[in-house]
Number of protein chains: 2
Amino acid sequence: MNGHVIRKSYLNFEGMKTINIIGLGNVGFHLALGLATSSRFRLQQIAVRSLEKAQKEVPKELLVADINALQPADITIISVTDGAIAEVSALIPYQNHLVVHTSGTSDMEVLSDKNRKGVLYPLQTFSRGKEINFKTVPFCLEAQQKADMELLRDLASSLSESVYDITSEQRKSLHVSAVYVSNFANHMYTIGSEICREHGVPFEILLPLIRETADKVGYMSPKEAQTGPAIRFDEKTLREHEHFLTNKTYKEIYQLITESIQNV
Amino acid sequence: MNGHVIRKSYLNFEGMKTINIIGLGNVGFHLALGLATSSRFRLQQIAVRSLEKAQKEVPKELLVADINALQPADITIISVTDGAIAEVSALIPYQNHLVVHTSGTSDMEVLSDKNRKGVLYPLQTFSRGKEINFKTVPFCLEAQQKADMELLRDLASSLSESVYDITSEQRKSLHVSAVYVSNFANHMYTIGSEICREHGVPFEILLPLIRETADKVGYMSPKEAQTGPAIRFDEKTLREHEHFLTNKTYKEIYQLITESIQNV
């Protein structure tokens with residue numbers, strides 16, 4: 001009997017705030033998955049460019065291919081490439097609701113004036129095929145109005161234990177930093193794996209080193225954590241490595257980063 | 001009674017192989033700490049350049065300041081800078097024992113001919129003030145003689161679950177790869193932390209991203225894991241980031257790695 005009532009109340013979604021998502025790239029997709037488990041926010045609709053290409057993990061009944069089919073929601077999350085945010089936000093068929101984007105670089109102001117503006121920037125790297133534990137993802141929030149900030153804080157803290165108020169300017173510096181510590185660090189892994197492949201050594205031997213290097217900066221500053229031939233000014237090893245490297249770009253990267261380490 | 005016998009047998013170190021270490025840099029120091037817990041190998045002596053400067057965690061009675069004071073040991077581990085390995089190995093006051101170095105770049109052959117040669121290369125980043133769980137550290141082994149290889153395998157597997165037979169040539173490629181995935185990745189963390197500092201954002205916001213980026217390459221190749229404006233060819237964001245960066249070297253690194261990501 002109780003179970004029946006709970007189920008009915010659940011079906012009515014009483015008191016739950018509604019969310020629309022526009023765009024199902026890596027960020028939109030993982031947010032949709034994360035929201036599926038929320039007890040306070042209900043994913044209402046997802047606008048996608050192509051119904052056929054939408055990930056199969058997303059319930060079909062939520063999808064719409066036409067942005068005009070979106071019904072008003074408490075929060076509309078625009079998760080598209082930076083260049084399309086302004087245009088997409090102008091196409092939303094309702095007004096005076098909270099509309100946020102998820103970009104690290106775009107100003108909050110690029111959003112159309114017809115709705116209230118905000119930003120919900122999850123500072124994490126999202127890939128298909130790798131599940132994300134949202135509990136540890138820092139959410140960087142910004143909103144024009146105090147009440148909207150509260151609403152975003154509510155949403156973010158229903159997903160994560162790590163929620164920050166961040167200005168547009170600070171968010172930009174975080175995004176540039178994120179490119180170095182994530183995108184560029186990952187490219188260092190790519191170069192390492194290419195060198196291993198060329199010499200018939202399994203890349204997995206390097207995984208404990210990669211994890212320890214990442215772990216260490218939780219205990220000391222990256223500057224204190226720096227090891228290796230560059231910081232030791234070990235010229236013999238540096239020359240041998242440069243001689244070893246045949247790929248022109250890898251060699252340039254080796255020289256430039258070595259120089260930068262030595263000048264910090 | 002039993003306890004007494006066990007203790008006596010322990011004190012006699014019956015059947016335990018002996019280890020000498022020469023050099024107490026980051027690698028030598030962590031190896032000494034790791035060996036302290038071994039039940040099959042006993043740390044016999046450690047030769048250091050300065051008794052005063054030796055880390056206080058190391059038992060004083062094991063230290064000698066004169067390499068001539070070393071007694072023969074089953075394995076002598078030379079853990080000094082690459083340029084000093086040949087010279088130090090020639091100074092060892094005994095012959096026909098197994099002597100190994102711990103270098104990623106030096107050939108096994110640089111060791112003096114008066115002892116049997118080998119390599120014990122722990123593929124990890126060691127810093128003072130950050131304890132290492134040796135169980136997960138890959139040990140790369142090489143030896144001239146089959147029996148010595150067995151002895152090294154015994155030693156390495158008493159410390160770690162991850163032991164590899166690696167030729168000098170493969171070891172060099174691993175070391176170059178390690179510079180990229182660890183030393184250079186860590187420098188990317190340094191640049192990220194500098195940018196955060198300049199803009200009054202706490203670096204700790206980036207730690208979950210750093211950990212997830214490192215973790216992800218255990219599930220997919222780094223090439224598949226690549227995200228960010230470079231791989232998306234998001235020219236708008238790339239231009240904004242370059243405009244944002246005022247440090248000349250950081251900007252050069254941004255451009256070179258972006259180009260490299262786009263050409264992989």
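No hydrogens or angles considered: nothing links the side chains of B:Lys223 and A:Ser193 as a donor-acceptor pair under 3.5 Å. Side chain to side chain, A:Glu142 and A:Ser168 meet the donor-acceptor criterion of an N or O pair below 3.5 Å. Side-chain contact check for B:Thr213 and A:Asn186: no donor-acceptor pair (N or O, by modelled atom type) lies under 3.5 Å. A donor-acceptor contact closer than 3.5 angstrom is absent between the side chains of B:Glu224 and A:Ser127. Side-chain contact check for A:Glu212 and B:Gln124: no donor-acceptor pair (N or O, by modelled atom type) lies under 3.5 Å.
Taking a 6.0 Å sphere around CZ of B:Phe233, one finds it holds more than 12 heavy atoms contributed by other residues, nucleotides or ligands. No more than 12 heavy atoms of other residues, nucleotides or ligands shown are found within 6.0 angstrom of CZ on B:Arg49.
Chosen from B:Cys196, B:Ser182, B:Gly218, B:Gly228, the residue pairing most often with chain A at heavy-atom distances under 4.5 Å is B:Ser182. Options B:Met220, B:Glu235, B:Glu240 differ in how many heavy-atom pairs under 4.5 Å they form with chain A, and the most are formed by B:Met220. Here A:His175 is the residue among A:Glu169, A:His175, A:Arg232, A:Lys172 with the most heavy-atom pairs under 4.5 Å with chain B. In terms of heavy-atom pairs under 4.5 Å with chain A, the best-connected choice from B:Thr227, B:Asp215, B:Asp82, B:Ile166 is B:Thr227. Interface summary for chain B: among A:Pro138, A:Ala225, A:Ser173, A:Gly192, the most heavy-atom pairs under 4.5 angstrom belong to A:Ser173. For the options A:Leu245, A:Ile132, A:Asn26, A:Asp234, heavy-atom pairs under 4.5 Å to chain B are most numerous at A:Leu245. In terms of heavy-atom pairs under 4.5 Å with chain B, the best-connected choice from A:Ile257, A:Thr136, A:Ile210, A:Ile195 is A:Ile257. In terms of heavy-atom pairs under 4.5 Å with chain A, the best-connected choice from B:Asn263, B:Val137, B:Val201, B:Thr258 is B:Val201. For the set B:Ser162, B:Pro202, B:Gly104, B:Ala185, the count of heavy-atom pairs under 4.5 angstrom toward chain A peaks at B:Ala185. The most heavy-atom pairs under 4.5 Å with chain B, out of A:Thr81, A:Thr249, A:Leu207, A:Leu256, come from A:Leu256. The choice from B:Arg211, B:Glu259, B:Lys236, B:Lys216 that makes the most heavy-atom pairs within less than 4.5 Å of chain A is B:Lys216.
Only the side chain of B:Val179 comes within less than 4.5 Å of a heavy atom in chain A; its backbone stays farther off. For B:Tyr189, the parts lying near chain A are the backbone and the side chain together; criterion is any non-hydrogen pair under 4.5 Å. Both the backbone and the side chain of B:Tyr250 come within contact range of chain A, with heavy atoms under 4.5 Å apart. Of the atoms belonging to B:Ile191, it is side-chain heavy atoms, and not backbone ones, that fall under 4.5 Å from chain A. For B:Ile231, no part sits under 4.5 Å from any heavy atom of chain A, backbone or side chain. For a residue to count as touching a neighbouring chain, one of its non-hydrogen atoms must lie under 4.5 Å from one of that chain's; by this rule B:Val217 touches chain A with backbone and side chain alike. Contact of B:Ala230 with chain A is not made at all, since no heavy-atom distance falls under 4.5 Å.
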Given B:Ser79 and B:His101, is the side chain to side chain donor-acceptor pair (under 3.5 Å) satisfied, shown in steps? CA-CA 6 Å; B:Ser79 177; B:His101 70 62; over 6 Å; no
Where do B:Glu242 and B:Lys251 land on the salt bridge (Lys or Arg N to Asp or Glu O under 4.0 Å) test, with the steps shown first? CA-CA 6 Å; B:Glu242 282 173 30; B:Lys251 192 182 285 208; over 6 Å; no
Applying ring pair (Phe, Tyr, Trp, His ring centres under 6.0 Å) to A:Tyr180 and B:His241, what does each step give before you reach the verdict? CA-CA 11 Å; A:Tyr180 285 93; B:His241 284 183; 8.7 Å; no
For B:Leu123 and B:Phe139: C-alpha separation, side-chain torsions, deciding distance, then whether side chain to side chain contact (heavy atoms under 4.5 Å, CB included) applies. CA-CA 6 Å; B:Leu123 186 48; B:Phe139 276 84; over 6 Å; no
